[in-house]
Amino acid sequence: MALVDEIEEIAKRRGFFWLSQEIYGGVSGFYDYGPLGALLKQNIEKLIKEHYLQEEKCLMIEAPTLTGIDPWVASGHVESFTDMTIECGKCGEAYRADHLVEEHLKVKTEGKQANEIQDMIETNKIKCPKCSGILSKVYDYNLMFKTYIGPGKTKLEAALRPETAQTTYMPFKRLFEIGRKKLPLGVMQIGKSFRNEISPRKALVRLREFTQAEIQFFVNPKEKNEWDISKVKDVEALVLTKQDQKKDGKPKKMAISDLVGKRLTNRMVAYFLAVSLLLYKKMGLDAKKLRLRQHKDNERSFYSSDTWDVEFMSEKYGRIELVGVADRTDYDLKRHQELSKQSMEVSVDGEKFIPHVIEIAYGIDRPLLCILESCIRQDGDRTYFSFPPSVAPYQAAVFPLVNKDGLPEKACEIYGMLRKKFLCLYDVSGSIGKLYYRQDEAGTAYCITVDYDTLKDNTATIRERDTKKQVRVFVKNLAGIIEKLTNGEINFEDAGKAIK
Ligand code: GAP
């Protein structure tokens with residue numbers, strides 16, 4: 001069995017993630033992150049957060065996940081956030097009708113209406129895959145989790161947000177004031193979103209509760225094509241345009257400057273696609289498996305004039321959309337203006353207009369799964385995760401060579417010093433080989449071993465996870481060296497020079 005086929009089992013055993021509510025049989029679409037997964041997820045969020053706050057100078061906000069229903073009426077989710085569904089009259093199992101047809105007939109159904117799907121089911125006499133029961137008529141099923149806020153007659157119809165975006169649009173005017181009435185204005189939210197998916201499968205790929213990091217850039221429509229792409233113009237990627245999907249379906253290698261030069265998209269969308277590719281590489285995703293795909297006209301969301309995804313071609317799960325970069329025009333702000341009767345218009349440099357929005361919508365859970373798939377390695381009987389040090393759950397672990405002769409005390413002292421600087425573990429339970437392997441399985445970037453020489457000359461060894469190479473450094477330099485290694489400021493060979 002290939003390693004990637006075991007990824008869910010390994011993730012469960014080592015404490016990355018597992019099906020939530022396991023003791024009651026689990027509920028599909030909900031996962032717990034274990035001790036390693038929760039840290040890995042935080043590090044993914046951190047990379048995105050640092051980039052958008054520091055490089056793109058975005059503001060960050062946090063809004064509730066539960067809202068009244070009005071924003072979702074305005075956004076169109078109440079009316080259109082639906083999937084075609086079909087149910088078995090015998091066992092009650094529900095299916096995405098279009099997916100069922102695709103799986104059964106091995107055809108594409110993109111752009112087909114419910115009545116066409118219904119015809120295909122009837123003509124081909126498709127039955128329930130589970131019990132061969134007769135299927136119901138195809139119907140539209142809204143993916144929002146709806147509920148009420150408060151009791152009694154005055155209770156408010158409410159929903160859990162299916163995207164963070166609308167909760168950033170609602171306070172736009174306040175944010176515009178706080179941002180000193182300047183555009184472009186980038187606002188980021190990292191938080192949970194909820195979709196009552198019909199039959200969630202593929203582990204973290206289709207969840208009912210998931211984390212998004214969504215950035216909304218409010219811009220003057222003119223700015224979309226004035227954006228400076230010089231920093232990323234040479235970034236290359238496999239690109240599948242909507243035209244190529246109609247023709248041969250084959251992606252072509254292009255630079256970001258080509259996307260702009262050939263007018264395939266605007267400069268802002270092109271820029272943030274490049275930024276996303278660079279972030280995914282930094283996270284440790286296998287760059288060869290990434291590609292950019294433009295949405296076809298019949299698949300694009302109603303609010304967007306142009307949408308592109310960064311996709312990961314997973315060996316186990318197939319094509320996975322990681323982030324969507326969309327030109328949402330002024331659709332959302334206009335709709336909120338109409339329903340709330342609050343003006344969303346701004347006045348900048350004497351010009352009055354409703355800003356357009358370029359949205360960069362990252363999911364966090366899917367890249368986590370793709371990082372596991374990209375970083376898992378087999379080396380003899382060692383199965384380890386080759387995470388980049390900056391996303392590894394733990395940057396370092398400290399052990400004594402043996403559990404006696406004052407070595408544990410010295411190792412503890414070093415551990416106490418290092419953990420003030422970064423996440424670090426201390427372990428003493430087992431032979432040195434076992435201690436190394438345990439950390440390799442968790443993807444810990446560096447192991448520090450305290451031996452008899454440490455007591456004599458205050459030096460210790462650092463072992464690099466992937467190569468198993470070791471260098472000896474002064475204890476006083478350990479924290480600085482690990483930090484520099486993690487930030488990519490020095491390479492491992494250079495780390496040993498500090499001893500001389
Ligand atoms: N605000 C736009 C928006 O929500 P989306 O393409 O529906 O766009 C953005 O979602 C990202 O959120 C996706 O690229 C994906 O990474 C993540 N995502 C969406 N639905 C998901 C689900 N059911 N489970 C896990 N992640 C999901």
Side-chain angles (χ1 to χ4, degrees), residues 17 19-20 27-31 33 37 41 44-45 48 63 65 67 71-72 74-77 80-83 96 99 141-145 159-170 187-218 269 272-273 276-277 279-280 283 285 290-295 299-312 314 317-329 331-333 335 357-371:
F17 63 81
L19 194 62
S20 195
V27 178
S28 56
F30 296 90
Y31 277 81
Y33 284 105
K41 182 167 176 280
I44 297 171
E45 291 172 14
I48 296 176
T65 53
T67 71
W72 308 107
S75 68
H77 282 81
S80 313
F81 197 52
T82 55
D83 276 343
R96 271 252 335 235
H99 287 181
Y141 161 84
N142 195 295
L143 296 184
M144 278 195 300
F145 281 100
L160 284 169
R161 65 181 181 191
E163 59 170 8
T164 70
Q166 303 303 326
T167 59
T168 303
Y169 301 145
M170 284 189 278
V187 184
M188 170 162 61
Q189 263 205 77
I190 301 182
K192 294 279 192 176
S193 292
F194 302 82
R195 297 181 190 177
N196 204 353
E197 302 283 354
I198 296 164
S199 43
R201 284 173 301 170
K202 303 187 181 176
L204 308 180
V205 176
R206 199 153 293 282
L207 296 171
R208 287 177 164 141
E209 176 176 338
F210 54 98
T211 302
Q212 291 188 309
E214 293 196 307
I215 299 99
Q216 316 297 328
F217 265 95
F218 300 95
V269 169
F272 287 111
L273 286 170
S276 303
L277 282 172
L279 280 171
Y280 289 134
M283 286 175 202
L285 270 86
L290 293 171
R291 73 172 192 189
L292 307 180
R293 191 180 72 85
Q294 186 177 29
H295 283 206
E299 84 178 283
R300 213 171 42 236
S301 299
F302 50 89
Y303 53 71
S304 162
S305 67
D306 186 27
T307 301
W308 292 71
D309 293 335
V310 178
E311 295 180 334
F312 180 82
S314 158
Y317 302 103
R319 195 178 82 187
I320 301 178
E321 173 204 325
L322 301 176
V323 59
V325 182
D327 182 346
R328 293 183 74 135
T329 67
Y331 179 88
D332 300 275
L333 290 185
R335 289 289 297 151
V357 171
I358 300 292
E359 177 185 58
I360 308 107
Y362 295 99
I364 300 294
D365 312 86
R366 290 179 186 178
L368 189 146
L369 190 62
C370 300
I371 291 171

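Whatever order the structure lists them in is the order used to number ligands and atoms, beginning at 1.
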Asks: Considering only non-hydrogen protein atoms, determine which one is nearest to atom 10 (O) of ligand 1 and report residue, atom name and distance to 0.1 Å.
Replies: Gln212 NE2, 3.4 Å

Asks: Measure across Gly37 and Leu368 and return the closest heavy-atom pair with its distance rounded to 0.1 Å.
Replies: O-CD1, 3.8 Å

Asks: Any idea which of Arg195, Gln216, Glu163 brings a heavy atom closest to atom 7 (O) of ligand 1?
Replies: Arg195

Asks: Is a side-chain donor-acceptor pair under 3.5 Å present for Arg161 with Gln212?
Replies: no

Asks: Does the side chain of Glu163 pick up a donor-acceptor pair with the side chain of Ser193 at under 3.5 Å?
Replies: no

Asks: Holding to side chain to side chain contact (heavy atoms under 4.5 Å, CB included), I want the full list of residues that pass it with Glu321, two or more places apart in sequence or in another chain.
Replies: Asp309, Arg366

Asks: Determine whether the side chain, the backbone, both or neither of Tyr303 has a heavy atom under 4.0 Å from any heavy atom of ligand 1.
Replies: side chain

Asks: Would you mind checking which non-hydrogen protein atom is closest to atom 15 (C) of ligand 1, with the distance to 0.1 Å?
Replies: Arg366 NH1, 3.5 Å

Asks: Show the atoms of ligand 1 that are less than 4.0 angstrom away from any heavy atom in Leu207.
Replies: 22 (C), 23 (N), 24 (N), 25 (C)

Asks: List ligand 1 atoms under 4.0 Å from Glu197, heavy atoms only on the residue side.
Replies: 23 (N)

Asks: Using the test salt bridge (Lys or Arg N to Asp or Glu O under 4.0 Å), find all partners of Arg293 that sit at least two apart in sequence or belong to another chain.
Replies: Glu299, Glu311

Asks: Pairs of nitrogen or oxygen atoms closer than 3.5 Å, one from Pro162 and one from ligand 1: do any exist?
Replies: no

Asks: Is Glu359 close to ligand 1, meaning an N/O of one under 3.5 Å from an N/O of the other?
Replies: yes

Asks: Looking at ligand 1, is there an atom of it that comes within less than 4.0 Å of some heavy atom belonging to Thr211?
Replies: no

Asks: May I ask you to check whether Ser301 and Ser304 show a side-chain donor-acceptor distance below 3.5 Å?
Replies: no

Asks: Please report whether ligand 1 has a polar contact with Asp365, defined as an N or O pair separated by less than 3.5 Å (distance criterion only).
Replies: no

Asks: Output yes when a side-chain donor or acceptor of Ser80 lies under 3.5 Å from a complementary backbone atom of His77, and no otherwise.
Replies: no

Asks: Among all protein heavy atoms, pick the one closest to atom 3 (C) of ligand 1 and tell me residue, atom and distance.
Replies: Glu214 OE2, 3.4 Å

Asks: Identify, for atom 13 (C) of ligand 1, the protein heavy atom at the shortest distance, and state residue, atom and that distance.
Replies: Glu321 OE2, 3.2 Å

Asks: Quick one: which ligand 1 atoms are inside 4.0 Å of a heavy atom on Arg328?
Replies: 1 (N), 2 (C)

Asks: Could you give me the CA-CA distance, side-chain angles and deciding distance for Phe217 and Phe272, then say whether ring-ring contact (aromatic ring centres under 6.0 Å, His included) is met?
Replies: CA-CA 11 Å; Phe217 265 95; Phe272 287 111; 5.0 Å; yes

Asks: Under 3.5 Å between any N/O of Leu322 and any N/O of ligand 1: does that happen in this structure?
Replies: yes

Asks: With backbone taken as N, CA, C and O and side chain as the heavy atoms from C-beta onward, which portion of Thr164 lies under 4.0 Å from ligand 1: side chain, backbone, both, or neither?
Replies: neither

Asks: So, regarding Phe210 and ligand 1 (criterion: nitrogen or oxygen to nitrogen or oxygen, under 3.5 Å), is there a contact or not?
Replies: no

Asks: What I want to check is whether the side chains of Asp365 and Tyr31 have a donor and an acceptor closer together than 3.5 Å.
Replies: no

